[in-house]
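Have a look at the structure below, then the notes.
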Amino acid sequence: VDVVSASIGYTLHGYSHTVGDLPISIACDKAVKKGMVLVIASGNTGRRQIPQPADAEYVLTVGAIDQQGQIPNFVTHGPTADGRIKPELMALGVDVLMAGPDSGYVRASGTSMATPLVAGIVA
């Protein structure tokens, strides 16, 4: 199984679109239908509007939690334009230790930190 981990998002103001009508969401759903697993970050706006392509029907959308299992304010969560609740999964995304510049390490927070953890488990 091919697994893709991505942290990208596009938001249209309001819900004037329908699920699957934007090219990025169409491409993601087609990839899943061909056998890939797409693990997409839910976003860090803290709003209740999942961006594209995280709102695509067949992608696995990931949010972040802290070390105590609490959802931080920055996590974007559903509903999607058609009323589905996303993200489907949560993973550690607060103060995550990661490779930094100059061969050092840094701590970072965001759904972009949580998403690759889930993708690694899927793989």
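Hydrogens, waters and symmetry mates play no part in the numbers below; they use all other heavy atoms, side chains included.
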Heavy-atom side-chain contact between I8 and I24 under 4.5 Å:
yes

Y58 vs K33 side-chain heavy atoms within contact, under 4.5 Å
yes

What is the minimum heavy-atom distance between G110 and A64, and which atoms define it?
O-CB, 4.1 Å

Do I65 and F74 share a hydrophobic cluster, counting only Ile, Leu, Val, Met, Phe, Trp and Tyr and linking them when any side-chain heavy atoms are less than 4.5 Å apart?
yes

Keeping to residues at least two apart or across chains, list the salt bridge (charged side-chain N to carboxylate O under 4.0 Å, His left out) pairs with something in residues 85-98.
K86-E88

So if you build clusters from Ile, Leu, Val, Met, Phe, Trp, Tyr with side-chain heavy-atom gaps below 4.5 Å, do V3 and V118 land together?
yes

Min side-chain heavy-atom separation P72-V94 under 4.5 Å:
yes

Taking the side chain as C-beta and beyond, is there a heavy-atom pair between M98 and R107 under 4.5 Å?
no

Student check: side-chain heavy atoms of V39 and V59 closer than 4.5 Å
no

The reported gap from CD in Q52 to CD1 in I40 (rounded to nearest 0.5 angstrom) is 12.0 Å

Do V106 and P101 have side chains that approach each other closer than 4.5 Å (heavy atoms only, starting at C-beta)?
yes

Nearest 0.5 Å, please: how far is OG in S109 from CG in D66?
9.5 Å

When clusters are formed by joining ILVMFWY residues with side-chain heavy atoms under 4.5 Å apart, either directly or through shared neighbours, do V32 and V37 land in the same one?
no

Rounded to the nearest 0.5 angstrom, the OG-CG distance for S25 and D55 is 5.0 Å

Flag side-chain contact, heavy atom, 4.5 Å: Q67 against L92
yes

Looking only at heavy atoms, the pair that brings A91 and A114 closest together is O-CB, 3.4 Å

Is there a donor-acceptor pair under 3.5 Å between the side chain of S42 and the backbone N or O of T76?
yes

Find the distance between CD (E57) and CG (D82) and round it off to the nearest 0.5 Å.
7.0 Å

Are I71 and H77 close enough that some pair of their side-chain heavy atoms sits under 4.5 Å apart?
no

Once rounded to the nearest 0.5 Å, what's the spacing between atom OG1 of T61 and atom CD1 of I85?
12.0 Å

Could you walk me through whether T111 and V62 pass the side-chain contact (heavy atoms from CB on, under 4.5 Å) test, one step at a time?
CA-CA 7 Å; T111 59; V62 178; over 6 Å; no

Okay, side chain of D102, backbone of G104: is any donor-acceptor separation there less than 3.5 Å?
no

